[in-house]
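Presented below is the structure to which this report refers.
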Protein chains: 2
Amino acid sequence: MIITRQADYAIRCVLFLASKPVGIATMIGEIADSMGIPKSFLAKILQRLSKAEIVSSIRGVRGGFVLKRDVSDINLLEVIQSIDGPVAINRCAIDKHICGRSCNCSVHPIWIKLRALIQDYLSAVTFDKLVDTKGSIGTQKISLEGEIYGQRLSVR
Amino acid sequence: MIITRQADYAIRCVLFLASKPVGIATMIGEIADSMGIPKSFLAKILQRLSKAEIVSSIRGVRGGFVLKRDVSDINLLEVIQSIDGPVAINRCAIDKHICGRSCNCSVHPIWIKLRALIQDYLSAVTFDKLVDTKGSIGTQKISLEGEIYGQRLSVR
DNA sequence: TGAAAGAGGATATAATTTGTCCTGTTTATG
DNA sequence: CATAAACAGGACAAATTATATCCTCTTTCA
C-alpha cells in the first residue's frame, strides 16, 4: 500500500481547502466534520502539511488553515510524501543498505525504475486537475493525464 | 509499500530455483539457508507459490520444489500477487465500497490508472530478464525494459 | 515400516498505522 | 490585560498488519 489512510485524508483535506474562498481560514473542526476525519488525527496531518508548506496555519482566535500555494502548484506526490515520507515500492528502493544483496541483486534496478515511474505519475497530477470534477469521473482532463504513458496504460 | 518482505522472499526464491538445473527438486532448507530466509516462513511462501502454479512441490523423501514453468513465463506481478494479493496503491483502488466517497471522488480515477500502470510494468518483467545478470546492474536488457515508458522515467 | 520432506492450522511476536489525550503556545477581542 | 478560541506537539493507547514459529498431519521413497 503506497498511500496510507493518513495520506488519503491529507489529499481530501487539500481538496476541501481548495474549494474554499481564498484567504478564508478553515478550522480543523470544520474540515474534520465535513470530510469524516477524526479531529485530533487531522490536526497531526495538518501539522505535516504545514511543515511541507502546502498549507499555512493561523493560530489563535479565528485561526485555521488555508492553502499556502495555488492549486496548480500542489501535486499529489508532495502531499503524499509530506505525510508518509518517501514513496516506496519496497525498502531497498529507498535505502540500498537495508538489503545487503542489493549490489548484486538483479531485481534492484526494477524497483528503482518502478519507483521513478510512480513518482513521475503522481507529481504530474496537480490539484487544479482534481478540483471541479465532482461527479464526473474520467473527464477529458484526467484522461489526458493518463495518456502520458500511452494506451497500454488504460484501465483494465 | 507495495512489496512486502514476504513477496521479496518469494521473488528471490523463484530466482534461486531458476538457477538450479531443470528437474532437480530443491528442499526448503537449502533455499532458506542460501537466501537467508527463516525456514518455516519460507515454507508458507512456497505453499502460496505452489497454489499459484509458479512452483511444483514434491512431497515425501527426496522431495522439494521446482519451477513449474519456464522462467520466461513467470513475471514479477504474479509472484507478488500470489503472496500479497492484489497489488494496490490504496484501498479504494481495489474495492470501491471501502471508500464511500468513491463515486464522486475526483482522485479515484488517478488511483485506478496508477494501479494499471504498476501492474503493466511488473507484468512485463519476466524472470528470464532477471536471471544471469548477477553483478551487472543496468544491463541493456533491463534498461531496454525501462524504456517502455520513455526517457522521463530514468532513475533520478 | 520408518524416516524424510512438504501441508496447513494455530499461535506468538514485532512493527506500523491509526487514533486519543493532555498540556503548552499564540492571538483576537472585550 | 485577561480570557477564550484555536493550533502545536509530545506521550500514549488501540488496532491492524507483517513476520515468524510450532506442532501435528500426510505423502512418499527406500
Side-chain angles (χ1 to χ4, degrees), chain A residues 1-13 17 24-33 35-66 68 80 82-91 94 98-99, chain B residues 1-10 12-13 17 24-33 35-66 68 80 82-88 90-91 94 98-99:
Chain A
M1 215 70 71
I2 290 185
I3 284 106
T4 62
R5 187 159 3 169
Q6 272 192 76
D8 196 73
Y9 286 163
I11 292 165
R12 290 184 204 183
C13 184
L17 290 177
I24 305 289
T26 311
M27 293 187 298
I28 295 179
E30 187 188 335
I31 307 174
D33 291 346
M35 308 304 285
I37 305 171
K39 190 178 163 185
S40 38
F41 197 38
L42 180 60
K44 302 297 185 189
I45 292 165
L46 280 161
Q47 276 176 30
R48 294 193 185 218
L49 288 176
S50 178
K51 275 187 183 157
E53 312 221 309
I54 293 165
V55 303
S56 293
S57 80
I58 296 151
R59 297 179 68 162
V61 176
R62 301 171 72 72
F65 291 86
V66 287
K68 192 161 186 179
I80 293 167
S82 72
I83 303 294
D84 289 344
V87 158
I89 282 61
N90 62 3
R91 285 170 172 78
I94 301 178
I98 282 171
C99 157
Chain B
M1 214 70 73
I2 290 184
I3 285 106
T4 62
R5 187 160 3 169
Q6 271 191 77
D8 195 74
Y9 286 163
R12 290 185 204 182
C13 184
L17 289 176
I24 305 289
T26 311
M27 292 187 298
I28 294 180
E30 187 188 336
I31 308 175
D33 291 346
M35 308 304 284
I37 305 172
K39 189 178 164 186
S40 39
F41 197 39
L42 180 60
K44 301 297 183 189
I45 291 165
L46 280 161
Q47 275 177 30
R48 293 193 187 220
L49 288 176
S50 178
K51 275 188 183 158
E53 311 219 310
I54 292 164
V55 304
S56 293
S57 81
I58 296 150
R59 296 178 71 163
V61 177
R62 300 169 73 73
F65 291 86
V66 288
K68 191 161 186 178
I80 293 166
S82 73
I83 303 294
D84 290 344
V87 158
N90 62 3
R91 285 169 173 79
I94 301 178
I98 282 172
C99 157

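Naming: A, B, ... by sequence-line order, numbering from 1 per chain. Computed from a predicted structure; not experimentally measured.
When the P atom of dG6(C) is taken as reference, atom NZ of K51(B) falls 17 Å away, rounded to whole Å. What separates CZ of F41(A) from C1' of dT16(C) is a distance of 11 Å, to the nearest Å. Going from atom CG of L46(B) over to atom C1' of dA7(C) covers 12 Å, rounded to whole Å. Between the C1' atom of dA8(D) and the CD1 atom of I28(A) lies a distance of 9 Å, rounded to the nearest Å. Following rounding to the nearest Å, K39(A) (NZ) and dT18(C) (P) show an atom-to-atom distance of 21 Å. Here the P atom of nucleotide dG10(D) and the NZ atom of K44(A) are 8 Å apart, to the nearest Å. Q47(B) has its CD atom 17 Å from the P atom of dA5(C), to the nearest Å. Atoms CG (L42(A)) and P (dT20(C)) sit 12 Å apart, rounded to a whole Å.
Candidate nucleotides dA28(C), dA8(D), dT19(D) were compared by shortest atom distance to the side chain of V61(A), and dA28(C) ranks first. Listed candidates were dC29(D), dT20(C), dA28(C). Nearest to the side chain of R62(B) is dC29(D). With dT18(C), dA7(C), dG8(C) as the choices, the nucleotide that has an atom nearest any side-chain atom of S57(B) turns out to be dA7(C).
Applying the 4.0 Å criterion to OP1 and OP2 of dG19(C), one finds that Y9(A) has a side-chain N or O inside that range. Within the 4.0 Å cut-off from OP1 or OP2 of dT18(C), at least one side-chain nitrogen or oxygen of T4(A) is found.
With D84(A) contributing its side chain and T4(A) its backbone, the two residues share a donor-acceptor pair below 3.5 Å.
In the interface, the side chain of R59(B) is not paired with the base of dT28(D) through any donor and acceptor atom under 3.5 Å apart.
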